[in-house]
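Read the structure below first, then the notes.
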Number of protein chains: 2
Amino acid sequence: MTTRNIRKTNNEMKGRAVTSQRKLLLDILRKSGGHISAKELYRSASRRNESISLATVYRSLQLFKELDLVEERRLGQVFCTYEMKESAEHQHLVCRSCGKVIEFESPLIRRLVEALKHEHGFNLTKIELYMEGYCKECAKNASDIV
Amino acid sequence: MTTRNIRKTNNEMKGRAVTSQRKLLLDILRKSGGHISAKELYRSASRRNESISLATVYRSLQLFKELDLVEERRLGQVFCTYEMKESAEHQHLVCRSCGKVIEFESPLIRRLVEALKHEHGFNLTKIELYMEGYCKECAKNASDIV
DNA sequence: TATATTTTGAGAATGTTTCTCATTCTCATC
DNA sequence: GATGAGAATGAGAAACATTCTCAAAATATA
């Protein structure tokens, strides 16, 4: 066994082809810093690669999910949003009025997960706490009217 | 002013027309006891009313939401599920393998909500904790294979 | 380089949800 | 019970996100 057998594979793509499209999409996802939809990603990518297909965007997102590179989230909308997984675990507050997304984290979440694991023997792979309401500003504006 | 002016309005429908379709749909929702999709609701209603339209199902669900009669939930799938609001506030665990839905509740949720209200001044209208993973049975079966 | 395998683009197809509009129903009033 | 105004319905078209298909192109491997 020689060092030739120690192949330096692309650690991110785990043996899957590294195409220009995939590099581009990952780059955009990284720079966008979270909460980007498939369509936004497509539009953004189109600016740098005229011919990229929406199907490729979806296929790549699927792949990135499998490779644990991105996280898929449904923030109340009809469609999903995606973000790179490196970002710390956090949850979302969405304002029903202005659509603003507030991220937050809480130790209570961790405690809840542990409690559930214990009580139901559930092996968790995804936790998503979605909360909807009115942010400080919108609530204030509404109270001016009412 | 006589007693004639004290009109006995339908308390559920709050002045909105009480149609046979709406009665039917509410009845099915009540009897189904939670987690029914628009399509299932439509199929179920079709059995009792041949000509009911899918559009009516969606319109009615929209109305029921507005009247606070039903609650809309997105349990990870592409579509929504609906349930009558009378059921106690609870959250969901969904098994990725068998699709089973486990409902649960925890005082930690309430504490979390209060903490958030305090910290961000967010006026909450909807809380949805969605957790995905493998239930006890499926996790056991998987470990037999692996 | 040659070959086998993956991936892509384009558009069709799918599935859920919303819209449109002519027709029908409901409800308050007579 | 009949009437009229406004609300609700059915059917299908439309809109929306997402997935599929397949020939052509790119990539990885020997």
Side-chain angles (χ1 to χ4, degrees), chain A residues 2 4-26 35-67 70 72-82, chain B residues 2-26 35-67 69-70 72-82:
Chain A
T2 71
R4 304 200 66 196
N5 284 323
I6 300 167
R7 211 176 298 285
K8 192 192 161 209
T9 57
N10 185 303
N11 53 342
E12 254 192 357
M13 294 304 284
K14 291 182 183 120
R16 316 299 290 270
V18 179
T19 66
S20 64
Q21 291 90 337
R22 290 177 178 174
K23 275 192 282 189
L24 172 58
L25 292 173
L26 276 177
H35 306 139
I36 192 171
S37 71
K39 204 175 180 182
E40 285 164 348
L41 183 55
Y42 169 64
R43 270 206 277 265
S44 204
S46 295
R47 259 178 254 126
R48 288 209 252 159
N49 174 348
E50 272 291 332
S51 76
I52 196 168
S53 159
L54 183 55
T56 298
V57 171
Y58 276 104
R59 279 184 295 228
S60 300
L61 284 171
Q62 200 85 21
L63 176 67
F64 298 161
K65 265 196 294 176
E66 278 164 33
L67 298 182
V70 307
E72 183 185 71
R73 280 213 150 90
R74 227 176 263 286
L75 297 182
Q77 298 105 325
V78 197
F79 52 87
C80 293
T81 55
Y82 301 84
Chain B
T2 72
T3 51
R4 302 199 64 194
N5 285 324
I6 301 165
R7 211 175 300 285
K8 191 196 161 205
T9 57
N10 184 303
N11 53 344
E12 254 193 358
M13 293 304 284
K14 288 175 186 133
R16 316 300 290 270
V18 178
T19 67
S20 63
Q21 291 89 339
R22 289 176 179 177
K23 275 192 283 187
L24 172 58
L25 292 173
L26 275 178
H35 306 138
I36 191 171
S37 70
K39 204 174 180 183
E40 285 164 347
L41 183 55
Y42 170 64
R43 270 205 276 265
S44 204
S46 295
R47 259 177 253 127
R48 290 209 251 159
N49 175 347
E50 270 292 330
S51 76
I52 197 169
S53 159
L54 183 55
T56 298
V57 172
Y58 276 103
R59 281 184 293 227
S60 301
L61 284 171
Q62 200 85 20
L63 176 66
F64 298 161
K65 264 197 295 178
E66 276 165 33
L67 298 182
L69 294 175
V70 307
E72 185 185 70
R73 281 212 150 92
R74 228 175 262 284
L75 297 181
Q77 298 105 328
V78 196
F79 52 87
C80 293
T81 55
Y82 301 85

Task: Under 4.0 Å protein heavy-atom contact, by nucleotide of nucleotides 9-21 of chain D - B base, S sugar-phosphate only - done: BBBB----SBBBB

TODO: Sequence neighbours left out, what passes side-chain contact (heavy atoms from CB on, under 4.5 Å) with B:R59? Give chain and number order.
DONE: B:A55, B:T56

TODO: Establish, with yes or no, whether the OP1 or OP2 oxygen of D:dA8 is under 4.0 angstrom from a side-chain nitrogen or oxygen of B:R16.
DONE: yes

Open item on the list: Please report the distance, rounded to the nearest Å, between CG in B:L63 and P in C:dT17.
Closed with: 17 Å

Task: Set of residues satisfying side chain to side chain donor-acceptor pair (under 3.5 Å) with respect to B:K39, sequence neighbours excluded - done: none

Task: Set of salt bridge (Lys or Arg N to Asp or Glu O under 4.0 Å) partners for A:R73, sequence neighbours left out - done: A:E83

- [ ] Only counting residues at least two apart or in another chain, list the ones meeting side-chain contact (heavy atoms from CB on, under 4.5 Å) with B:S20.
- [x] none

- [ ] Taking side-chain contact (heavy atoms from CB on, under 4.5 Å) as the test, write out the residues that go with B:K65, two or more places apart.
- [x] B:Q62, B:V70, B:E72

Open item on the list: Without decimals, in angstroms, what is the distance between B:E72 CD and C:dT18 C1'?
Closed with: 13 Å

Open item on the list: Using whole Å, what does the distance between atom C1' of nucleotide C:dT7 and atom CZ of A:F64 come to?
Closed with: 12 Å

- [ ] Let me know the distance between CG of B:L24 and C1' of D:dA8, rounded to the nearest Å.
- [x] 15 Å

TODO: Answer yes or no: is there a donor N or O on one side and an acceptor on the other, between the side chain of A:R22 and the main chain of A:S60, under 3.5 Å?
DONE: no

Open item on the list: Going by the rule side chain to side chain donor-acceptor pair (under 3.5 Å), which residues pair with B:R43 if we only count those two or more places apart in sequence or in a different chain?
Closed with: none

Open item on the list: How many whole angstroms separate atom NZ of B:K65 from atom P of C:dT18?
Closed with: 7 Å

Task: Pair B:F64-B:L26, side-chain contact (heavy atoms from CB on, under 4.5 Å): steps then yes or no - done: CA-CA 9 Å; B:F64 298 161; B:L26 275 178; 3.6 Å; yes

Task: Whole angstrom value for the distance that separates P of D:dA8 from NZ of B:K23 - done: 15 Å

Task: Terminal helix-axis angle for the helix from C:dT1-D:dA30 to C:dC30-D:dG1, with five pairs defining each axis and rounding to 10 degrees - done: 40°

Task: Interatomic distance where CG belongs to A:L67 and C1' belongs to C:dT7 [whole Å] - done: 14 Å

TODO: List in chain and number order the residues that pass salt bridge (Lys or Arg N to Asp or Glu O under 4.0 Å) with A:E66, two or more places apart in sequence or in another chain; answer none if no residue qualifies.
DONE: none

